[in-house]
Colleague: 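Here it is, the structure, as structure tokens.
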Amino acid sequence: MPELPEVETVMRGLEPHMTGRRIISARISGKRLRHSWPEGFAARLEGGRVERLRRRAKYMLWDLDTGETVLCHLGMSGRFTVWPGTQDVPEALGAFYFHGPSEREPGPHDHLILTLEDQTRIAYTDPRRFGFFDLMAREDVGNHPALARLGPEPLGPGFTPAYMARALRGRRGAVKTALLDQAVVAGLGNIYVCEALFRAGISPRRQAGGIAPSGRPTARLERLVTAVREVLLEAIAAGGSTLRDHARVNGEAGGFQQHFAVYGREGEPCEGCGRPVQRIVQGGRSTFFCSHCQK
DNA sequence: CGGGACTCCTGCCAGC
DNA sequence: TGCTGGCAGGAGTCCC
């Protein structure tokens, strides 16, 4: 699920339920996710009021009035589900994650369940356990190892053709691999890199440094920056992409997967030229592209 | 510093 | 029907 648009969708879904509310109970599965749970994690959340939700790249942050900030990454399969306090647990989701509205016993892949002061319940579910939570003083957030070396936000002012020219100059690896490097630009994943390269008409196999030989912006870089921004904004507007499960906190699917031009479409006709979309492997991960439309 | 291989974990699907 | 291998939206570590 989670690249930048999916994390943004989840955060927007959680915001109206969490912002301004106090956490009265936090329960963790105790199972190790990508990292061990921080010392005293649940106890340090309980009693805290959520002041603000933020996103940085694929990370979500919850600022609490205790002075601490929760850092969360969804990994590959992490998702949040919300049950507003005034509402019954939805039937379908209840069967899947909880055993019933009264019991609300956690399912096997629920790792964190919050209860807020108005009885809203928020569950974090993650079968593969590649996600993680951390907790730190708010002023230390920027120094957290996961955040300290991230590149600019692709939807922020720092992501420009001039920046990309400097960032890619001299890189000998493929441009596709460079765009997945969170130190180059923070928040892109496999789907949106494939889609952006298709829109920009750039071959994923092209050498990254070859797009910016002089370290100055080029027409290709202009197209790339524009394509990345457009694909992300469209995906956010569609509520993200849902491949195997729901991305949104109310259980509804995102819709952007309907708009994939190349991702997951090996063998299907390219919407530009009709030739079959190809799949190759780069850095151990699938790349989908059209070798005719992308040069 | 760059980059490829490998790793963590479970679920799902195609193919036999 | 049932098993097996491959693959999946991420990212850290190790090694060259």
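So you know, we letter chains A, B, ... as the sequences are listed, proteins then strands, and number each from 1. Computed from heavy atoms alone, side chains included, the values below leave out hydrogens, waters and symmetry copies.
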Colleague: When both hydrogen-bonding distances must be under 3.5 Å and the geometry is Watson-Crick or G-U wobble, what is B:dC9 paired with, if anything?
Modeller: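 Across any shown strand, B:dC9 pairs with none.
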Colleague: Any side-chain N or O of A:His109 under 4.0 Å from OP1/OP2 of B:dG11?
Modeller: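 Affirmative; the distance criterion is met.
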Colleague: Using 4.0 Å as the upper bound for N to carboxylate O, is an ion pair formed by A:Arg275 and A:Glu268?
Modeller: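 Salt bridge between A:Glu268 and A:Arg275, a charged N being under 4.0 Å from a carboxylate O: no.
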Colleague: Quickly work out the A:Tyr59 OH to C:dG10 C1' distance and round it to whole Å.
Modeller: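 To the nearest whole Å, that distance equals 8 Å.
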Colleague: It should be established whether A:Lys58 places a side-chain nitrogen or oxygen under 4.0 Å from OP1 or OP2 of nucleotide C:dA11.
Modeller: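 Yes, because at least one side-chain N or O of A:Lys58 sits under 4.0 Å from OP1 or OP2 of C:dA11.
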Colleague: Using whole Å, what does the distance between atom C1' of nucleotide C:dA11 and atom CG of A:Asp181 come to?
Modeller: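 Interatomic distance, CG of A:Asp181 to C1' of C:dA11: 11 Å.
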Colleague: Out of curiosity, does A:Leu114 fall in the hydrophobic cluster containing A:Tyr59 (side-chain heavy atoms, cut-off under 4.5 Å, transitive links)?
Modeller: no
Colleague: Considering heavy-atom distances to DNA chain B, does A:Thr177 or A:Arg129 have its closest nucleotide positioned more toward the 5' end?
Modeller: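 It is A:Thr177, whose closest nucleotide lies nearer the 5' terminus.
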Colleague: I want to verify a distance call: between C:dG10, B:dG4, C:dC7, whose nearest atom is closest to the A:Arg285 side chain?
Modeller: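 Closest nucleotide among those given: C:dG10.
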Colleague: Relative to the 5' end of DNA chain B, which residue comes earlier, A:Arg34 or A:Arg171, by the nucleotide with the nearest heavy atom?
Modeller: A:Arg171
Colleague: Between A:Glu117 and A:Arg49, is there a side-chain N and carboxylate O pair less than 4.0 Å apart?
Modeller: yes
Colleague: Starting from C1' on B:dG4, measure out to CZ on A:Arg172 and report it in whole angstrom.
Modeller: 14 Å
Colleague: Go through A:Arg199 and A:Glu234 one step at a time and tell me if the salt bridge (charged side-chain N to carboxylate O under 4.0 Å, His left out) criterion holds.
Modeller: CA-CA 13 Å; A:Arg199 290 190 187 207; A:Glu234 287 173 30; 2.8 Å; yes
Colleague: Measure the distance from CZ on A:Arg279 to C1' on B:dA14 and round it to the nearest whole Å.
Modeller: 14 Å
Colleague: Which whole-number value in Å describes the distance from A:Lys31 NZ to B:dT10 P?
Modeller: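 From A:Lys31 NZ to B:dT10 P: 8 Å.
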Colleague: Does the side-chain ring of A:Phe130 lie flat on the base of C:dA11, meaning centres under 5.5 Å and planes less than 30 degrees apart?
Modeller: no
Colleague: Figure out the CG/P separation between A:Leu74 and B:dC8, and round it to whole Å.
Modeller: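 It works out to 22 Å between those atoms.
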Colleague: Picking from B:dG3, C:dA8, B:dC8, which would you name as closest to the side chain of A:Arg128?
Modeller: C:dA8
Colleague: Taking the P atom in each of B:dA5 and C:dC7, what is the distance between them to the nearest angstrom?
Modeller: 14 Å
Colleague: Treating Ile, Leu, Val, Met, Phe, Trp and Tyr as nodes and any side-chain heavy-atom pair under 4.5 angstrom as an edge, say whether A:Leu71 and A:Leu64 lie in one connected cluster.
Modeller: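 No, it is not one cluster - the side chains of A:Leu71 and A:Leu64 are not joined through contacts under 4.5 Å.
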Colleague: Ignoring backbone atoms, establish whether A:Ser286 has a side-chain N or O less than 4.0 Å from OP1 or OP2 of C:dA8.
Modeller: yes
Colleague: Within the pair A:His73 and C:dA11, is there a side-chain N or O less than 4.0 Å away from OP1 or OP2?
Modeller: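 So the side chain of A:His73 is within the cut-off, an N or O lying under 4.0 Å from OP1 or OP2 of C:dA11.
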